[in-house]
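Notes for the one structure printed next.
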2 protein chains.
Amino acid sequence: MSTTQEYGTRERIVRATSRLMQQQGFAATGLKQISREAQATLGSVYHFFPGGKTELAVEAIRHGDREFAELLRDVLERVDDPAAAIAGCARDLAAGLRESGWLDGCPITTTALESAGRVPDIQRAAEQAFQNWRALVHDKLRRSGFPEDVAHDLAHTVINTLEGAEMSAQVSQSEAPLEIAGRHLARLIDSYR
Amino acid sequence: MSTTQEYGTRERIVRATSRLMQQQGFAATGLKQISREAQATLGSVYHFFPGGKTELAVEAIRHGDREFAELLRDVLERVDDPAAAIAGCARDLAAGLRESGWLDGCPITTTALESAGRVPDIQRAAEQAFQNWRALVHDKLRRSGFPEDVAHDLAHTVINTLEGAEMSAQVSQSEAPLEIAGRHLARLIDSYR
DNA sequence: ACATCCCTAGAACGAACGCTCTATTCACTA
DNA sequence: TAGTGAATAGAGCGTTCGTTCTAGGGATGT
């Protein structure tokens with residue numbers, strides 16, 4: 001058994017699209033580039049995604065959604081204290097960002113911003129992703145005893161601050177924004193205890 | 001004297017570029033579209049910006065930098081209490097976003113993310129903008145008596161949380177993320193008093 | 001009147017874009 | 001063995017991309 005998993009053609013196309021859109025966004029990513037990197041042909045791309053580039057972008061956003069949800073779920077299950085778990089999440093994001101040479105930020109933000117208000121399908125998929133991530137944080141806070149309204153608001157700010165800090169970290173090529181965000185979010189959460 | 005200010009050709013080009021990149025990013029904005037919306041010709045664009053699209057993007061980011069710095073400076077001067085000022089800033093951003101039909105988010109984020117790690121000139125301009133904005137918040141906090149290290153970290157999180165919340169507000173077409181961010185940032189600042 | 005210089009105007013270039021189309025290969029069932 | 005449909009392959013469509021280039025307009029100074 002090899003260490004590198006084998007994926008089918010469809011899966012390879014989605015993964016290549018997700019990675020390319022993560023790094024350079026929707027408009028800058030061409031279908032030829034996708035098919036090249038996925039080791040598929042243009043024919044295959046249109047076979048699996050007859051809706052063209054938009055359908056592919058929606059699928060890539062769903063992939064990024066699941067990807068980050070998994071990271072979030074892992075750290076929230078692993079660490080009991082919610083404040084510590086969020087700080088750990090910030091650390092994980094910073095590490096991933098640095099290890100990718102500051103290239104792999106949030107997999108959906110760039111595409112979401114490019115398409116907001118102009119490509120409804122993509123906007124809906126991005127909105128759903130943020131909602132899913134907030135729900136994970138919300139549940140964790142509820143299970144830790146926080147009241148409903150507090151958990152609701154904190155879930156928003158946790159996700160949004162992590163998003164903003166990751167963006168800032170990427171642009172300044174520094175882990176500091178995420179490290180600071182982790183500490184501040186932990187402090188904010190603890191202030192509601 | 002008319003209410004609509006007259007701008008020179010160069011200024012019109014920069015403003016059109018800034019607005020288009022704010023709404024759809026760098027790659028999706030063509031020079032033909034820019035020259036059309038700026039009521040200039042392609043020749044004029046290349047006359048004023050011989051460096052082509054990249055130079056134009058850098059100038060547009062600098063424009064967005066000054067634009068948001070002005071908004072920030074205004075509210076920080078108008079409101080004495082720093083926590084209240086930041087909350088007011090979040091309100092202003094939410095209002096602007098809603099009034100534009102959720103189209104005009106942060107003028108530089110999309111372009112910054114598209115270009116991070118791939119177009120050094122643009123990345124540098126974006127990094128400089130974030131630095132300028134943080135400096136405004138940092139100074140306000142220092143003048144309000146916060147110690148250096150606290151002000152430094154808070155400046156990071158204030159800007160990053162506002163960025164993340166504005167992005168989220170844009171995608172979900174709701175003022176809630178910014179309203180919540182304003183309240184949480186005020187609470188975080190007050191927790192250091 | 002003429003020269004100078006800044007700016008405007010838009011045709012044209014090669015490359016890349018999203019997408020369509022036809023042909024072919026392959027695994028599997030009747 | 002013939003038949004069927006999914007999957008692959010890539011040429012080519014019209015369009016737009018960023019960029020270059022040459023020519024003309026218009027105010028100014030002499």
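By convention in this document, chain letters (A, B, ...) are assigned in the order of the sequence lines, proteins followed by strands, and residues within each chain are numbered from 1.
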Sequence neighbours excluded, which residues qualify as side-chain contact (heavy atoms from CB on, under 4.5 Å) partners of Glu148(B)? His138(B), Arg142(B), His152(B)

Taking N or O atoms only and anything under 3.5 Å, show me the protein contacts with nucleotides 18-22 of chain D, one pair per line.
from	atom 1	to	atom 2	distance (Å)
dG18(D)	OP1	Thr29(B)	O	3.3
dG18(D)	OP1	Lys53(B)	NZ	2.8
dG18(D)	OP2	Leu31(B)	N	2.8
dT19(D)	OP2	Tyr46(B)	OH	2.9
dT19(D)	OP2	Lys53(B)	N	2.9
dT19(D)	O5'	Tyr46(B)	OH	3.1

Are the charged groups of Asp190(A) and Arg187(A) less than 4.0 angstrom apart, N to O? no

Can a side-chain donor-acceptor contact be found between Gln24(A) and Gln33(A) if the only test is distance below 3.5 angstrom? yes

Does the side chain of Thr157(B) pick up a donor-acceptor pair with the side chain of His184(A) at under 3.5 Å? yes

So, are Glu11(B) and Arg15(B) salt-bridged, with charged N and O less than 4.0 Å apart? yes

So, does His47(A) get its side chain near the phosphate of dT8(D), meaning an N or O under 4.0 Å from OP1 or OP2? no

Between Glu59(A) and Thr17(A), a side-chain donor and acceptor under 3.5 Å: no

Any salt bridge linking Glu70(B) with Arg66(B)? Criterion: basic side-chain nitrogen under 4.0 Å from a carboxylate oxygen. no

Quick check on side-chain contact (heavy atoms from CB on, under 4.5 Å): which of Met167(B), Gln170(B), Glu163(B) does Thr109(B) satisfy it with? Glu163(B)

Residue met sooner reading DNA chain D from 5', once Gln33(B) and Thr41(A) are mapped to nucleotides: Thr41(A)

Show me, pair by pair, the donor-acceptor contacts under 3.5 angstrom made by side chains of residues 34-51 of chain A, not counting sequence neighbours?
from	atom 1	to	atom 2	distance (Å)
Ser35(A)	OG	Leu31(A)	O	3.4
Ser35(A)	OG	Lys32(A)	O	2.9
Glu37(A)	OE1	Arg19(A)	NH2	2.8
Thr41(A)	OG1	Ser44(A)	N	3.4
Thr41(A)	OG1	Ser44(A)	OG	3.2

List in numerical order all residues of residues 11-25 of chain B for which some heavy atom is under 4.0 Å away from an atom belonging to DNA chain C. none

Boundaries of the DNA chain C segment in contact with chain B, non-hydrogen, under 4.0 Å: dC7(C) to dG10(C)

In chain order, what residues pass the salt bridge (Lys or Arg N to Asp or Glu O under 4.0 Å) check against Asp74(A), with sequence neighbours excluded? none

